[in-house]
Amino acid sequence: MQFSDGSDLRTYGNPRALYVIVFTAVVGLLFPALLVGVFVEQATAGMPLEAPTGTTFLLALGATVLVYPVIGFLMYSPRTRAEHIVAETETDFPALVLRQSPSVFWAAPAQIGMLTLMLLAAVWTTPNAGDRTSENVIMTIVICSWQVGFYFFVARRTLRPGRIALSVDGIRFSDHATDTWIPWNATASGVQPDPLYVVLVALPQWGAVTSARVPLPWRIIDDRKDSDLRPSSRRRPGHTARIDRRRFEIAPELLDAVLDHYLRDPDARAELTDPDAVARRVDELRSYAPGPRWRRYGPVPVPTLSTPAPR
């Protein structure tokens with residue numbers, strides 16, 4: 001695989017990501033450290049070891065916070081997982097599919113479970129909680145209603161890891177809760193420069209459309225919380241569709257390379273009608289080596305895919 005020249009260097013990631021992840025990890029560890037400190041003090045004073053009031057709340061709060069650095073590490077790792085680049089079928093046509101990381105997605109249910117436990121502990125372990133049983137029951141129902149709906153949609157697979165699917169008809173951005181369909185003639189250019197998201201100019205008047213798989217209250221798990229394509233600036237007429245690069249265990253420059261290849265070369269899209277050609281393209285993409293495990297912030301060369309797909 002060849003690389004483009006210096007004019008197509010792109011910057012990915014966030015220069016503050018490592019500091020934010022470390023800081024969040026330290027904050028999350030402070031809560032169990034407080035409990036350890038209490039036990040040490042009790043042992044030093046010769047007192048029997050007894051968990052203080054609010055132990056469940058503190059442990060659940062610490063666990064909730066600690067999921068953030070775990071997700072952060074996964075989202076800023078540029079490693080490419082071969083099994084996430086596959087040939088599938090999209091609306092009865094062959095498709096080249098780039099899958100989001102299931103690890104990032106499944107961290108969310110774990111964090112939501114810890115958050116629910118923390119809120120329930122705050123309701124039921126406060127002083128005089130036994131005197132407010134009816135109010136606490138109502139609070140419990142309110143707290144659990146969204147989480148129960150979330151797990152219900154996960155079980156039905158309407159909330160699921162997303163993907164990018166490229167077929168001869170167009171591009172489908174599937175995030176955790178929404179789908180954006182972009183016909184090839186509804187894209188105005190290649191991938192727009194953005195360090196964190198794959199951003200395409202998409203024209204609703206030419207068929208680009210976003211649809212949601214779950215009701216609005218549960219769409220918060222997606223970065224895109226509206227039900228339509230995002231309005232662009234006045235300098236860029238139309239709308240933009242975006243999907244989070246960090247949720248892929250695929251090097252971000254490789255995502256751009258694939259999309260740019262088909263966006264900028266209409267003749268190359270013909271190979272998407274041939275399952276064998278799509279399979280060869282998958283093999284080419286899987287052979288790409290992403291480099292260091294942790295994304296170094298700075299300019300990165302975007303690969304240039306072969307034309308046509310190698311045999």
Side-chain angles (χ1 to χ4, degrees), residues 1-5 7-10 12 77-102 160-175 179-194 197-202 207-208 241-291 295 300-311:
M1 183 178 295
Q2 299 176 344
F3 287 86
S4 57
D5 56 25
S7 63
D8 200 18
L9 293 175
R10 302 185 191 179
Y12 300 102
S77 173
R79 64 195 182 282
T80 294
R81 299 288 296 272
E83 62 268 26
H84 291 181
I85 305 173
V86 297
E88 293 186 359
T89 300
E90 178 82 5
T91 61
D92 299 327
F93 292 101
L96 174 59
V97 177
L98 311 168
R99 294 175 177 168
Q100 286 184 339
S101 168
R160 59 178 184 265
R163 64 182 193 164
I164 298 174
L166 300 99
S167 67
V168 69
D169 286 342
I171 307 168
R172 187 178 301 278
F173 282 179
S174 295
D175 221 325
D179 295 299
T180 299
W181 170 247
I182 312 169
W184 291 112
N185 62 355
T187 56
S189 63
V191 179
Q192 303 297 299
D194 189 284
Y197 298 90
V198 178
V199 180
L200 299 181
V201 175
R242 72 176 192 173
I243 192 167
D244 196 338
R245 289 194 187 97
R246 296 167 297 175
R247 293 178 177 176
F248 291 84
E249 289 183 310
I250 301 172
E253 64 270 21
L254 188 57
L255 297 176
D256 283 4
V258 176
L259 288 164
D260 279 339
H261 178 73
Y262 294 111
L263 285 168
R264 299 185 186 280
D265 185 3
D267 293 337
R269 302 169 198 163
E271 73 179 37
L272 295 173
T273 62
D274 181 4
D276 293 333
V278 174
R280 291 195 297 269
R281 186 65 73 188
V282 167
D283 291 338
E284 179 189 11
L285 295 172
R286 287 181 172 183
S287 68
Y288 179 76
R295 169 63 60 205
V300 178
V302 178
T304 300
L305 304 188
S306 61
T307 305
R311 292 186 176 275

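Just so we're clear, the structure is a prediction, and the values are computed from it rather than from any experiment. Residue numbers start at 1 and run along the sequence shown.
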Could you tell me which non-hydrogen atom of Arg281 sits nearest to which non-hydrogen atom of Ala309, and how far apart they are?
NH2-N, 3.3 Å
Interatomic spacing from CZ in Arg160 to CG in Asp175 - rounded to 0.5 Å:
11.0 Å
Side chains of Arg163 and His84: donor-acceptor distance under 3.5 Å anywhere?
no
For Ala202 versus Ala208, what's the shortest heavy-atom pair and its separation?
CB-CB, 3.8 Å
Between atom CZ of Phe173 and atom CZ of Arg242, what is the distance when rounded to the nearest 0.5 Å?
11.5 Å
Once rounded to the nearest 0.5 Å, what's the spacing between atom CZ of Arg247 and atom CD of Gln100?
6.0 Å
Backbone of Pro310 reached by a side-chain donor or acceptor of Arg280 within 3.5 Å:
yes
To the nearest 0.5 Å, tell me how far Thr304 OG1 sits from Asp260 CG.
9.0 Å
Flag, side chain of Arg286 to backbone of Ile85, donor-acceptor distance under 3.5 Å:
yes
So, do Pro303 and Tyr288 sit near enough that their side-chain heavy atoms are less than 4.5 Å apart?
yes
Between the side chains of Tyr12 and Asp256, does any donor sit under 3.5 Å from an acceptor?
yes
Considering all heavy atoms, the nearest Ala241-Ile182 contact:
CB-CD1, 3.7 Å
Test your reading of the model: is there a side-chain donor-acceptor pair from Ser174 to the backbone of Gly162, 3.5 Å cut-off?
no
Salt-bridge present (Glu253, Arg10; N to O < 4.0 Å)
no
Run the side-chain contact (heavy atoms from CB on, under 4.5 Å) check on Glu88 and Arg99 step by step: do they pass?
CA-CA 11 Å; Glu88 293 186 359; Arg99 294 175 177 168; 2.3 Å; yes
Heavy-atom closest pair, residues Val278 and Leu272
CG2-CA, 3.9 Å
Start with the C-alpha distance between Leu255 and Ile243, add both sets of side-chain angles, then the distance that settles side-chain contact (heavy atoms from CB on, under 4.5 Å), and finish with yes or no.
CA-CA 11 Å; Leu255 297 176; Ile243 192 167; over 6 Å; no
Intermediate values then yes/no, side-chain hydrogen bond (donor to acceptor under 3.5 Å, both in side chains), Ser306 and Glu284:
CA-CA 9 Å; Ser306 61; Glu284 179 189 11; 3.1 Å; yes
Quick one: which of Leu254, Val198, Ile250 gives a side-chain contact (heavy atoms from CB on, under 4.5 Å) with Arg245?
Val198
Quick check against the 3.5 Å criterion: does Arg269 have a side-chain atom that pairs as donor or acceptor with the backbone of Tyr262?
yes
Does the pair Leu263 and Ile171 meet the rule for a side-chain contact (heavy atoms from CB on, under 4.5 Å), with working shown?
CA-CA 10 Å; Leu263 285 168; Ile171 307 168; 4.0 Å; yes
Begin with the C-alpha distance, continue with both residues' side-chain angles, and end with the deciding distance and a verdict on side-chain contact (heavy atoms from CB on, under 4.5 Å) for Val97 and Ile164.
CA-CA 6 Å; Val97 177; Ile164 298 174; over 6 Å; no
Asp267 versus Thr307: any side-chain heavy-atom pair under 4.5 Å?
no
For Ser167, is there any backbone N or O sitting under 3.5 Å from a side-chain donor or acceptor partner on Trp184?
yes
Can you confirm whether Leu166 sits close enough to Arg172 that some side-chain heavy atom of one is under 4.5 Å from a side-chain heavy atom of the other?
no
